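Here is the structure we will look at.
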Amino acid sequence: MSTAPTATGADGPVPPPRTSVPGAAASPATDGTAAAVPSSAVVDRAGWPVGVPVAEPADPVVADADPGRIRWDPAERRARASQSFWTALVGVPAIFSVLRLGVEAGGELQTTLLLVANVGPVNLLAGFLTTAARLLSTGMVAVFALGAVLAVSADRLPSGARRRPLFARWADLTPAWVVLAAFLLALITWPLLYLPLLLPAFAAAFQLRPGRLHERVVPRLVMIAALLAGYGWLLLPTLRDAGRQGDLLALALLAVPPLLALFIAGPLPGVVIRPLASVTEVAMLATLVWAAVPVISTPVLPLTVTTVGAENGPTEDVRGHVITTDDVNMVLLQERGGVRYVPVDLVRAQVLCPSEEELPRYQLRIRDFHVEDSLLEGMGRRVRPVHRIDAACRIPG
């Protein structure tokens, strides 16, 4: 009695393949051999045994996919976007901080290295946030306001130019809570003189039209008149002072934005959408670059005037920034350039001074808040009123 030959595998003898059904198409198995079905099975037209379930793919197969395009997995796309976001979040402040130290050092390599060795990352981060928060909120508010107006106007584009503007696509992808957070950041960081500009920007970003106040015309007009009257009551003393001083710019910044908010919402005519989108994108980029200059040039060290001199002898006022102090010397970065090492025994006095950018330019106040202060700064001055500037700070270095 003969037996069928067997093959020996890694796990023991492997039985020979079974005889396939006559007329059935053999399908390849995973090991390269032809998978067979029992001879007693009945097959359909495709050669599959009747009654045996067919496994369906978990995801539908797209048969008409474009062979020239790469289809990214949504999870991989989100992972790439998250990685890019965190890279930008960490890298942009670091680049700005290094540039700021280089500018403050006057472009000198050794002075820059001295600042890097003695200025901590917490100081750099705090300086970056206090100066860049206003710039960041301004860019976000402008993009969201312009993007919302362009988004509702995109349907009026000519048939051959249906591609949506860049700001409109950004506005469509941004959640509402991010837009609200940008306006809240602007509310607490912008100077009070520019806060009225948030009214038309908010109306444009959320497409708030007067018709949404009330469906009837008369109640709608009454509500608009009441809102404008409340705004006028709040700013009437400031508007009167601005008119008395002849400050037309401050008068326009305070009075025009509420009226502009009534008509700012879209849609716009189709003829002006494409030119407006191109101009605003270039203007926004140029404005952000121009506004980033103060962020890079703002010092990260406090400005002081140090009185230096021997006891019972003549003294000298050194105007600059204190880099570090040890048991031997106080290292000062002088305002007009150069590093000076002052022996600690010769330091007689030291006062903290405001920079030229912090000196007020307007003599206007809004309900006891100076127009050049933000809400955050105004509340801080209520807790710690501004002290009188020392006479030494008025002397040029």
Side-chain angles (χ1 to χ4, degrees), residues 83-140 142-143 185-186 189-191 282-306 308 316-326 328-344 347 350-359 361 372 374 376-377 392-393 395-397:
Q83 183 179 3
S84 302
F85 171 77
W86 288 110
T87 300
L89 185 65
V90 176
V92 171
I95 293 174
F96 269 87
S97 300
V98 173
L99 292 176
R100 171 179 288 186
L101 291 180
V103 171
E104 188 167 358
E108 297 180 0
L109 176 60
Q110 299 303 322
T111 307
T112 303
L113 296 178
L114 179 64
L115 292 178
V116 171
N118 291 279
V119 178
V122 177
N123 291 3
L124 290 176
L125 182 61
F128 176 81
L129 291 179
T130 53
T131 55
R134 187 174 299 174
L135 173 64
L136 178 63
S137 62
T138 302
M140 295 176 66
V143 167
L185 182 62
T189 58
W190 282 18
V282 176
M284 180 61 59
L285 179 61
T287 303
L288 290 179
V289 172
W290 172 77
V293 174
V295 178
I296 300 176
S297 59
T298 302
V300 296
L301 298 172
L303 178 62
T304 61
V305 172
T306 305
V308 180
E316 178 189 3
D317 290 334
V318 181
R319 188 182 181 94
H321 308 272
V322 179
I323 300 176
T324 184
T325 303
D326 54 22
V328 180
N329 292 320
M330 174 184 290
V331 184
L332 296 173
L333 178 62
Q334 299 180 104
E335 190 178 37
R336 295 194 174 182
V339 176
R340 182 168 177 176
Y341 291 82
V342 179
V344 177
V347 176
Q350 193 174 49
V351 293
L352 188 66
C353 300
S355 61
E356 294 183 3
E357 292 77 12
E358 297 177 279
L359 298 177
R361 301 181 182 87
E372 294 178 77
S374 64
L376 196 62
E377 293 169 344
C393 297
I395 301 176

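The structure displayed is predicted, hence computed values, not measured ones.
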Taking side-chain hydrogen bond (donor to acceptor under 3.5 Å, both in side chains) as the test, write out the residues that go with S137, two or more places apart. W190
Taken in chain and number order and not counting sequence neighbours, the residues that satisfy salt bridge (Lys or Arg N to Asp or Glu O under 4.0 Å) with E104 are none
Check against side-chain contact (heavy atoms from CB on, under 4.5 Å), V347 and T325: CA-CA 11 Å; V347 176; T325 303; over 6 Å; no
side-chain contact (heavy atoms from CB on, under 4.5 Å) between L332 and V322, worked out: CA-CA 5 Å; L332 296 173; V322 179; 3.4 Å; yes
Rounded to the nearest 0.5 angstrom, the CG-CG distance for L114 and L101 is 10.5 Å
What pair of heavy atoms forms the shortest contact from R361 to E372, and how long is it? N-OE2, 2.6 Å
Which residues satisfy the side-chain hydrogen bond (donor to acceptor under 3.5 Å, both in side chains) test with E377, sequence neighbours excluded? none
Any donor-acceptor pair under 3.5 Å from D326 side chain to V328 backbone: yes
Sort and list the pairs that fulfil salt bridge (charged side-chain N to carboxylate O under 4.0 Å, His left out) and have at least one residue in residues 286-301, not counting sequence neighbours. none
Minimal non-hydrogen separation, S374 against R134, with atom names: CB-NH2, 4.4 Å
Can you sort out the partners of E316 under salt bridge (Lys or Arg N to Asp or Glu O under 4.0 Å), two or more places apart, ordered by chain and number? R340
Tabulate below the donor-acceptor pairs under 3.5 Å that side-chain atoms of residues 299-306 make, not counting sequence neighbours, or state none.
{"unit_1": "T304", "atom_1": "OG1", "unit_2": "G320", "atom_2": "O", "d": "3.1"}
{"unit_1": "T306", "atom_1": "OG1", "unit_2": "Q350", "atom_2": "NE2", "d": "2.9"}

Of all heavy-atom pairs linking P343 and N329, the shortest is CA-OD1, 3.5 Å
Quick one: salt bridge (charged side-chain N to carboxylate O under 4.0 Å, His left out) pairs with a partner in residues 290-300, sequence neighbours left out? none
How far does CG of L136 sit from CG of L185, to the nearest 0.5 angstrom? 6.5 Å
How would you list all residue pairs meeting side-chain hydrogen bond (donor to acceptor under 3.5 Å, both in side chains) that involve residues 107-120, not counting sequence neighbours? E108-T111
With T189 via side-chain hydrogen bond (donor to acceptor under 3.5 Å, both in side chains) - residues at least two apart: none
